[in-house]
Amino acid sequence: MIGLTTVQSGYVARARDELLSGEPDQLRAYLNRKRRDKRFDRTITAAIRDGKPIPTNLVARIIGRYSDSLLKLRADTIGLHETFAALGASKDIAFQQAIAKGAVRAEAITKGWNTRRRIILAFRGWSMPIILAWTGS
């Protein structure tokens with residue numbers, strides 16, 4: 001089971017404090033959070049306009065959605081990391097199989113990283129860059 005990181009838990013705690021404060025500047029600060037559930041923006045904007053605090057049960061719902069969004073980000077990040085690890089392992093296995101079959105000599109294969117997040121595979125003097133594109137926000 002995965003959970004939020006310590007930093008993400010801090011984000012949730014600060015967001016809760018912002019919403020419970022009832023202060024317009026604190027409520028506006030919450031509206032600047034990228035991972036918030038925007039369906040609640042009208043409610044928060046109305047609280048700012050009317051100068052009324054947000055009910056505690058509604059704050060719990062808003063924070064629950066915010067926390068869920070951060071948890072999804074964490075799961076996506078872990079999944080992306082594991083996918084790239086599996087991709088790298090499968091490429092290593094493929095080259096080992098090619099060497100074992102005699103299709104290629106081991107000394108003809110090199111692998112390395114460059115500074116632009118590319119894996120460079122050189123085979124018999126040819127360079128085939130594979131660009132790792134990062135998705136998500």
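Note that the structure is a prediction, hence the values are computed from the model and not measured. In this chain, residues are counted from 1 in sequence order.
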Is any side-chain heavy atom of Y11 closer than 4.5 Å to one of R35? no
Check step by step if salt bridge (Lys or Arg N to Asp or Glu O under 4.0 Å) holds for D68 and K72. CA-CA 6 Å; D68 291 346; K72 183 183 181 318; over 6 Å; no
Nearest-0.5 Å distance that lies between atom OG1 in T43 and atom CG in L58: 5.5 Å
Under the 3.5 angstrom rule, does the side chain of S69 hit a backbone N or O of R65 as a donor-acceptor pair? no
Would I54 and I44 count as a side chain to side chain contact (heavy atoms under 4.5 Å, CB included) if you check the C-alpha gap in whole Å, the side-chain angles of each, and the deciding distance to 0.1 Å? CA-CA 7 Å; I54 300 171; I44 296 167; 3.9 Å; yes
Do R61 and F40 come within less than 4.5 Å of each other through their side chains, counting heavy atoms only? yes
Identify, with sequence neighbours excluded, every residue that meets side chain to side chain contact (heavy atoms under 4.5 Å, CB included) alongside L4. Q8, S9, V12, S67, L70, L71
Decide yes or no on salt bridge (Lys or Arg N to Asp or Glu O under 4.0 Å) for D41 and R36, but give the supporting numbers first. CA-CA 9 Å; D41 285 2; R36 73 184 188 280; 2.9 Å; yes
CD (Q26) and CD1 (I48) are apart, to the nearest 0.5 Å, by 10.5 Å
Side chains of L27 and Y30, heavy atoms from C-beta outward: is any pair under 4.5 Å? no
Are any non-hydrogen side-chain atoms of R74 and I78 less than 4.5 angstrom apart? yes
Between CD of E18 and CG of D25, what distance do you get to the nearest 0.5 Å? 9.5 Å
Quick check on the hydrophobic clustering: are I93 and F84 connected, directly or via other members, by side-chain heavy-atom contacts under 4.5 Å? no
